[in-house]
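Let me begin by presenting the structure, written as structure tokens, before commenting on it.
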2 protein chains.
Amino acid sequence: MRSQLSTGTPDTGSQPRYAAIKAHIRAQIESGEWPAHFRVPSENQLAQDFNVSRMTARRALSELTDEGVLIRSQGLGTFVAEPVPAGSLLEVRNIADEVAARGHSYSNRILKLEQTTASTEVAVALGLAEGAAVFHSIIVHLDNDLPIQFEERYTNPTLVPEYLQQDFSAATPNEYLTRVAPLTEVDTTVEAIGADESVGSALDIKPGAACLQIWRRTKSSAGTVSFARLVHPGNRYRLGAQLRF
Amino acid sequence: MRSQLSTGTPDTGSQPRYAAIKAHIRAQIESGEWPAHFRVPSENQLAQDFNVSRMTARRALSELTDEGVLIRSQGLGTFVAEPVPAGSLLEVRNIADEVAARGHSYSNRILKLEQTTASTEVAVALGLAEGAAVFHSIIVHLDNDLPIQFEERYTNPTLVPEYLQQDFSAATPNEYLTRVAPLTEVDTTVEAIGADESVGSALDIKPGAACLQIWRRTKSSAGTVSFARLVHPGNRYRLGAQLRF
DNA sequence: TGTACATTCTTGTATATACAACTAATCAAT
DNA sequence: ATTGATTAGTTGTATATACAAGAATGTACA
């Protein structure tokens with residue numbers, strides 16, 4: 001318990017008290033004292049150890065969780081997060097292979113698979129008229145049941161009319177499209193974004209968390225085949241690329 | 001004021017109360033009702049409007065700030081953040097030109113400019129022996145006095161011996177290097193990261209905020225000239241690229 | 001044996017309060 | 001007219017408290 005009552009006063013010192021707790025936890029992790037999956041002291045324990053209120057200890061744990069250092073689970077406790085593995089952007093084009101190559105199990109969840117009408121942006125990207133029919137799919141790719149990629153894709157139905165009938169648990173959209181419409185050209189755009197709510201819930205990360213977003217327009221000899229947006233949680237899965245300008 | 005005392009109870013409803021406040025603020029912004037720089041109601045005002053405690057209103061504002069939607073300033077208030085402008089990754093190679101092309105003023109801050117010894121990684125990247133002398137610079141690039149790029153660079157002193165004597169307020173390192181050692185090849189790696197503390201303080205963003213990190217190794221005919229790490233705050237400045245695989 | 005319940009520990013939400021630190025504006029004294 | 005102190009309003013830090021909700025463990029009962 002605290003001795004004095006309600007002193008909202010940082011002890012004349014420079015940095016706030018929760019920062020000291022954060023620094024301590026970081027130090028334990030970086031020194032290797034607390035490895036991945038190590039169970040961090042509870043809020044009450046930290047409050048006692050550092051002689052602060054539970055809410056102050058809680059703030060330290062919450063911020064470190066937002067920063068991807070810790071993982072919290074109601075009822076269980078707080079644990080040290082796994083260090084981020086490194087992958088290759090080139091291999092992302094066959095994400096199932098990449099996961100398999102790592103010895104993990106690949107799976108996916110199909111959130112949407114429909115025919116809709118092209119918005120202005122989609123029409124321009126696919127070289128169709130505005131309002132024309134397009135296939136729209138949203139798929140989440142998982143590595144050992146952990147979401148690692150959010151894929152939203154618009155596909156040109158005149159070039160790939162049987163897209164909606166495919167079984168994407170057997171072959172990813174990218175694998176299928178590469179097979180039925182051999183690509184001649186790929187345009188790629190890369191950007192860092194904070195996750196919005198739809199991506200956040202699909203990838204099971206907080207809104208605002210660092211993500212790598214890749215826009216990819218694939219063309220075959222007959223025209224633009226599809227237009228995809230791939231989002232990777234940056235704090236869980238680090239991507240690299242060997243690109244040539 | 002609240003009528004009843006200390007009900008830590010979400011009103012049987014599904015989502016917490018701060019989420020409703022967040023949703024309301026988001027809606028105002030997205031509808032255009034609250035434009036950029038608009039002053040959002042204060043914590044006390046929101047607490048009154050939504051009949052919650054100040055701390056609950058505060059949580060909504062704080063989370064939206066972490067997510068890059070709002071900007072807070074002690075003593076002044078809370079404001080709607082500017083929507084992120086879009087730029088091109090290709091132009092990043094001449095960041096000063098890019099800023100100028102946007103009609104903004106370019107400037108930079110040199111945080112470090114020194115000669116040091118190569119670590120294992122740096123030695124491998126530059127093709128030097130471990131412990132060999134290398135030039136090390138850390139520069140922050142600013143657009144209208146707002147930090148938009150963190151540049152950490154290791155340069156090969158055998159190829160560019162006069163690197164440390166340069167005036168980088170006149171020409172950026174990239175411009176200078178391109179002039180003195182015409183490039184024949186560039187390797188680039190892209191990844192999304194959460195900002196660490198050193199980058200965060202240099203770019204004036206919170207640790208864990210979404211950033212685009214670019215590793216770039218530039219080679220000339222004589223060998224590897226330099227090895228740079230470029231970090232862009234993703235929530236302030238969106239980057240794109242037209243790359244070809 | 002096995003199911004159901006109670007207990008306990010954990011994190012999550014919410015409130016009320018206090019004081020610190022910063023900003024802008026007001027007003028008084030120089 | 002500039003300086004200086006005061007004041008009001010804002011965000012920032014910190015505490016104490018209460019209850020909700022999830023997870024694990026033990027215990028009583030069928």
Side-chain angles (χ1 to χ4, degrees), chain A residues 1-23 25 37-66 69-81 204 206-207, chain B residues 1-23 25 37-66 69-81 204 206-207:
Chain A
M1 294 294 149
R2 307 279 298 114
S3 47
Q4 75 271 36
L5 193 116
S6 77
T7 51
T9 317
D11 34 294
T12 76
S14 39
Q15 65 169 2
R17 303 212 220 188
Y18 64 81
I21 305 179
K22 286 177 67 176
I25 295 173
H37 306 118
F38 178 85
R39 180 171 174 166
V40 168
S42 72
E43 296 177 354
N44 284 316
Q45 188 61 50
L46 283 171
Q48 195 178 313
D49 293 352
F50 284 84
N51 205 240
V52 297
S53 78
R54 183 195 146 204
M55 285 321 229
T56 300
R58 173 179 179 73
R59 176 160 184 178
L61 293 175
S62 296
E63 292 199 358
L64 286 173
T65 301
D66 289 346
V69 177
L70 300 177
I71 294 176
R72 316 197 71 187
S73 169
Q74 189 170 359
L76 282 178
T78 305
F79 305 87
V80 175
D204 194 25
K206 296 201 114 188
Chain B
M1 295 298 147
R2 308 277 301 113
S3 46
Q4 74 273 34
L5 191 116
S6 78
T7 52
T9 318
D11 35 292
T12 77
S14 40
Q15 63 168 4
R17 303 210 219 190
Y18 65 79
I21 304 179
K22 285 178 67 176
I25 295 173
H37 306 119
F38 178 85
R39 179 171 173 166
V40 169
S42 71
E43 296 177 354
N44 284 316
Q45 188 62 49
L46 284 171
Q48 196 177 313
D49 294 352
F50 284 84
N51 204 242
V52 296
S53 78
R54 184 197 146 204
M55 286 320 236
T56 301
R58 174 179 180 72
R59 176 162 184 178
L61 293 176
S62 296
E63 291 199 358
L64 287 173
T65 301
D66 289 347
V69 176
L70 301 176
I71 295 175
R72 318 198 72 187
S73 168
Q74 189 170 0
L76 281 177
T78 305
F79 306 87
V80 175
D204 195 24
K206 297 200 115 192

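Every chain is numbered from 1, with letters handed out A, B, ... down the list of sequences.
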Whole angstrom is fine here: how far is it from CG in A/Leu61 over to P in C/dC9? 18 Å
Using a cut-off of under 3.5 Å, enumerate the N/O to N/O pairs linking the protein to nucleotides 5-8 of chain D.
none

Whole Å only: how far is the CG atom of B/Asn51 from the C1' atom of C/dA16? 14 Å
Does a side-chain N or O from B/Arg17 land closer than 4.0 Å to OP1 or OP2 of C/dT15, or not? yes
Quick one: closest heavy-atom pair of B/Glu43 and B/Ala57, and the distance? O-CB, 3.6 Å
Five-pair end axes of the helix from C/dT1-D/dA30 to C/dT30-D/dA1 and the angle they enclose, rounded to 10°: 0°
Listed nucleotide nearest any side-chain atom of B/Tyr18, set C/dT13, D/dT11, C/dT15: C/dT13
A/Phe79 CZ - C/dC9 P separation (whole Å): 16 Å
A/Met55 CE to C/dA14 P, straight-line distance once rounded to whole Å: 11 Å
Rounding to an integer number of Å, can you tell me how far A/Asp66 CG sits from C/dG12 P? 10 Å
Output the single nucleotide from D/dT13, C/dA14, D/dC19 whose closest atom is nearest the side chain of A/Arg54. D/dC19
Strictly below 4.0 Å: does A/Ser53 bring a side-chain N or O up to OP1 or OP2 of D/dA16? no
Whole Å only: how far is the CD1 atom of B/Ile71 from the C1' atom of D/dG12? 17 Å
Those residues that, when tested against A/Thr56, pass side chain to side chain contact (heavy atoms under 4.5 Å, CB included) (two or more places apart): A/Arg17, A/Tyr18, A/Val52, A/Ser53
Could you state the CZ-C1' distance from B/Arg72 to D/dT13, rounded to the nearest angstrom? 13 Å
N/O contacts under 3.5 Å, protein versus nucleotides 22-24 of chain D?
from, atom 1, to, atom 2, distance (Å)
D/dG22, N2, A/Gly75, O, 3.4

Whole-Å distance, B/Gln15 CD to C/dG12 P, equals 18 Å
Would you mind telling me which of D/dA16, C/dT13, D/dT11 lies closest to the side-chain atoms of B/Arg59? C/dT13
With rounding to the nearest 0.5 Å, note down the distance linking CZ in A/Arg59 to CG in A/Leu46. 15.5 Å
All side chain to side chain contact (heavy atoms under 4.5 Å, CB included) counterparts of B/Asp49, not counting sequence neighbours: B/Gln45
Taking the basic N atoms (NZ, or NE/NH1/NH2) and the acidic carboxylate oxygens, is any pair closer than 4.0 Å for B/Lys206 and A/Glu63? no
Residues from residues 37-45 of chain A sitting under 4.0 Å of DNA chain D, heavy atoms only? none
Between A/Arg72 and A/Leu61 the two heavy atoms that sit nearest each other are NH2-CD1, 3.4 Å
Would you compute the distance between atom CD1 of A/Ile25 and atom CG of A/Leu70 and round it to the nearest 0.5 angstrom? 6.0 Å
Short side-chain N/O contact from B/Arg58 to OP1 or OP2 of D/dG12, under 4.0 Å: yes
